[in-house]
Amino acid sequence: MFEQLGLIGCGLMGGSFALACKRAGLVKRVVGYSKSPSTTERARQLGVIDVEAPSALLAVAGADLVLVAVPVAATEATLKAIKHLVTPRLLVMDVGSTKLDVVQAASRALREQIGSFVPAHPIAGREVSGVEHADANLYQGARVILTPFERTHSEQLENAERVWSAIGCRVSRMTPQEHDAGFAAVSHLPHLLAFAMLGSINAQPEAERLLALAGPGFRDFTRIAASDPVMWRDVLRANREQVLAQSQHFVQALELLQNAMRADDNGQMLQDLITLASTTRARWRLGDASLPTDH
Ligand code: NAP
């Protein structure tokens, strides 16, 4: 289907995309670029890319498909660097965890070529980063959310849907605003809380002893606290307003539980709150929820 994938950011998400595209027979050749030449070289050694490019622009030269898989704060500079090679026939996508900032950055960087850019967020990933962890199966069965806007070319939007479907994803569409509000609640706030949980332990003199006591509940709750600091710094800053709004909901819920613990009611209120949380969690299944304009 595509002659050449230009991959900018040969890490976990970009590398996994390249491997999945190759396995699906979607691309003939992958030309990759990463900030550190050692990463690009490693990606070639691992067979994730076929050719190392010394710049983002040269990774895009000759490509008919481009994936930008860098930390979201690097999106604008990356798109600016490739703008001269972006034509209406080139499909350019990203994988950033936030979308409104990415769309704004892309509009500033690509200007009249913005129609070629289809913002994407695959709901897949891991708390590990780097090309060593790239996995052709990462996207298999995952949802990917496309957040087209007024100027997105419909032909490129359809191409983007075909690409993600071909590597095993279920494709949905929503606006960048809907995306950022929703993922602030179910992804960005949980990461913030996991970081805060570890922060609250670390702030205590007995941190080491407390961590030594911890069991599976702590392991499950804090798994995502091991995520990449640069990626999450960027995500929390980019979606600051929505995440802070969700934090307020969380603080209210925490206060409700604290008040229920203090209440002189034989624990009824506390049990009711836990029952509601417990039944909601028991009903929830990964990927069950129907999304707007599900495809
Ligand atoms: P990663 O494994 O750390 O890969 C990021 C890659 O981008 C690295 O190879 C890095 O190169 C490169 N890079 C950084 N700045 C660059 C720049 N200015 N120009 C070119 N390359 C640059 O991170 P990742 O997990 O793949 O995350 C990439 C994107 O995916 C982020 O936007 C994130 O929001 C999104 N995402 C991640 C997940 C997840 O679970 N990890 C899930 C959904 C979406 P060096 O090695 O040289 O530093």
Side-chain angles (χ1 to χ4, degrees), residues 6-20 30-46 48-49 52-60 66-83 92-103 105-106 109 117 119-139 142-147 164 167 169 172 176 179-180 182-184 186-188 190-191 194 223-239 243 286-287:
L7 178 64
I8 304 171
C10 305
L12 172 75
M13 302 302 286
S16 299
F17 181 83
L19 289 174
V30 181
V31 179
Y33 166 74
S34 253
K35 200 173 54 171
S36 323
S38 58
T39 301
T40 320
E41 187 184 357
R42 188 84 188 109
R44 187 187 47 74
Q45 286 165 349
L46 291 169
V48 169
I49 63 171
E52 295 170 45
S55 68
L57 191 66
L58 286 173
V60 173
V66 168
L67 190 78
V68 175
V70 300
V72 285
T75 307
E76 183 166 352
T78 303
L79 292 175
K80 265 190 184 142
I82 66 168
K83 177 182 185 283
V92 183
M93 299 189 288
D94 78 318
V95 290
S97 305
T98 54
K99 292 273 73 88
L100 193 54
D101 65 311
V102 163
V103 167
F117 180 68
H121 177 201
I123 314 303
R126 300 236 198 102
E127 64 278 12
V128 290
S129 56
V131 71
E132 282 78 13
H133 301 283
D135 176 359
N137 292 316
L138 186 74
Y139 298 111
R143 277 184 297 145
V144 62
I145 295 171
L146 304 182
T147 62
W164 290 103
I167 61 169
C169 291
S172 304
H179 171 281
D180 286 4
F183 283 90
V186 298
S187 171
H188 307 166
H191 279 80
R223 178 180 63 81
I224 53 179
S227 297
D228 184 64
V230 173
M231 171 185 156
W232 280 98
R233 175 201 66 191
D234 284 3
V235 170
L236 295 175
R237 282 168 57 84
N239 202 19
V243 180
L286 187 62

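Note that ligands are numbered from 1 as they come in the structure, with each ligand's atoms numbered from 1 the same way. Only heavy atoms go into these numbers, but all of them, side chains included; no hydrogens, no water, no symmetry mates. Here, residue 1 is the first one in the sequence, and each next residue gets the next number.
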* To do: Mind checking the NE2-CG spacing from H191 to L236? Nearest 0.5 Å is all I need.
  => 9.0 Å
Note down each nitrogen or oxygen pair, ligand 1 side and protein side, whose separation is under 3.5 Å; give only atom names and the distance to 0.1 Å.
| residue | atom | partner | partner atom | Å |
| --- | --- | --- | --- | --- |
| ligand 1 | 2 (O) | L12 | N | 2.8 |
| ligand 1 | 2 (O) | G130 | N | 2.7 |
| ligand 1 | 9 (O) | S34 | OG | 3.0 |
| ligand 1 | 21 (N) | K35 | N | 3.3 |
| ligand 1 | 26 (O) | L12 | N | 3.3 |
| ligand 1 | 26 (O) | M13 | N | 2.8 |
| ligand 1 | 32 (O) | V70 | O | 2.7 |
| ligand 1 | 34 (O) | S97 | N | 3.2 |
| ligand 1 | 34 (O) | S97 | OG | 2.7 |
| ligand 1 | 36 (N) | S97 | OG | 3.4 |
| ligand 1 | 40 (O) | R126 | N | 3.1 |
| ligand 1 | 40 (O) | R126 | O | 3.3 |
| ligand 1 | 46 (O) | T39 | OG1 | 2.7 |
| ligand 1 | 47 (O) | S36 | N | 2.6 |
| ligand 1 | 47 (O) | S36 | OG | 2.5 |
| ligand 1 | 47 (O) | T39 | OG1 | 3.3 |

Are [X] and [Y] side-chain neighbours, meaning at least one heavy-atom pair lies under 4.5 Å?
| X | Y | value |
| --- | --- | --- |
| H121 | T147 | no |
| W232 | I224 | no |
| F183 | T98 | no |
| P122 | M13 | yes |

* To do: Could you go through the side-chain contact (heavy atoms from CB on, under 4.5 Å) check for S16 and Y139 one step at a time?
  => CA-CA 8 Å; S16 299; Y139 298 111; 3.7 Å; yes
